[in-house]
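Report on one structure; see the data block that follows.
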Amino acid sequence: MDKQQTLKASCRTLGLIHTRDSLESILHDAEENNSSYLDFLISVTDGEILYKQEKAKDKRIKEAGFPYPKYLKDFDLKFCRALSAKQFRQLGELTWIDGLYNLILSGPPGVGKTHLAIALGYQACEDGYKVSYTTMRSLIKTLRTEEIDRRARAKLKRICSANLLIVDEVGYLPISSTEGNLFFQLVSDLQEKSSIIITTNKGFEEWTEFLGDAALATAILDRLSFRCDKIQIDGKSYRLENRKSFLDTEDKNDGKKKTV
Ligand code: ADP
Ligand code: MG
């Protein structure tokens with residue numbers, strides 16, 4: 001084995017995967033720049049740290065279970081009048097996760113509740129927080145099957161160990177009192193431990209209706225609202241306002257193409 005191969009094998013044993021994979025270019029750069037021993041070692045260790053941080057971030061994003069990526073940079077504040085630029089910045093700074101604050105995003109369909117929730121979740125993953133995304137429907141299924149399904153148990157473990165839990169689409173489907181109680185139990189368990197983002201199409205006064213139980217609705221909202229900001233996003237659906245289509249129509253009069 002030549003020296004480079006021996007070194008690569010040693011890197012592998014030590015878990016220095018980036019150094020192993022980029023050995024040729026690392027050596028080339030060091031020779032090119034006439035690096036000192038110290039600078040060389042610093043560039044090797046810095047490269048390895050950066051690589052490991054990237055890997056860990058990718059793992060956090062994968063394990064969060066987002067349905068699709070959404071980013072804060074793509075969130076059009078002009079369209080969302082419920083948030084000032086300052087509030088939006090504060091949200092993106094994520095110190096509220098350290099303070100164990102919850103966030104309730106409510107409003108009609110298409111106003112950006114899921115976009116904002118996922119984008120905050122992505123940012124949280126970038127910044128080193130553990131995040132778990134679920135729809136209410138999937139969460140209820142997980143809670144119901146925890147005792148008999150190993151995958152549900154694993155998902156619940158991730159949910160309970162996250163710094164930020166996102167529960168999307170709360171209130172779209174009515175739930176039974178057993179399911180409501182399971183949800184209450186989870187919210188209680190997570191209080192003082194993690195932050196929760198809820199997106200919902202229901203106002204607080206309508207929670208009784210979809211939970212089918214006034215006392216339960218009060219108890220859940222009491223726990224969620226203790227340390228919480230509620231953002232009511234009203235207005236038109238972004239989807240309807242920015243509808244995209246792919247068909248062209250011929251304008252019979254001038255022969256020019258028009259979008260449908
Ligand atoms: P909701 O969850 O409130 O029903 P979504 O978050 O799913 O709505 O938004 C619907 C679509 O509109 C998504 O593609 C989302 O990216 C886009 N959208 C909504 N609000 C905004 C906004 N303020 N800026 C940019 N895109 C938006
Ligand atoms: Mg949504």
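Just follow the structure's listing: the first ligand is 1, and inside any ligand the first atom is 1. Both backbone and side-chain heavy atoms feed into the values below; hydrogens, waters and symmetry mates do not. Quick caveat: nothing in here was measured; it's all calculated off a predicted structure.
- Counted by atom type alone, Asp189 and Gln191 present zero donor-acceptor pairs between their side chains at under 3.5 Å.
- Of all protein heavy atoms, the one closest to atom 25 (C) of ligand 1 is Asp74 O, 3.2 Å.
- Atom CG of residue Leu103 and atom CH2 of residue Trp96 lie 5.0 Å apart, to the nearest 0.5 angstrom.
- Taking distance alone, with nitrogen or oxygen atoms compared against 3.5 Å, Leu116 stays at or beyond that limit from ligand 1.
- Some N or O of Asp76 is nearer than 3.5 Å to an N or O of ligand 1, by distance alone.
- For ligand 1, the polar-atom distance check finds no N/O of Cys80 at less than 3.5 Å from any of the ligand's N/O atoms.
- Shortest non-hydrogen contact noted between Phe66 and Ile61 is CD1-O, 4.0 Å.
- Because the distance cut-off is set at 2.8 Å, Thr199 fails to qualify as a neighbour of the Mg ion (ligand 2), as none of its N, O or S atoms comes that close.
- Considering every non-hydrogen atom in both Val187 and Arg223, the closest pair reads CG1-CB, 3.9 Å.
- Considering backbone and side-chain atoms together, Tyr68 places no N or O closer than 3.5 Å to any N or O of ligand 1.
- Considering only non-hydrogen protein atoms, atom 16 (O) of ligand 1 sits nearest to His115 ND1, 2.6 Å.
- Residue contacts with ligand 1: Phe79 is placed with no nitrogen or oxygen under 3.5 Å of a nitrogen or oxygen of the ligand (distance criterion only).
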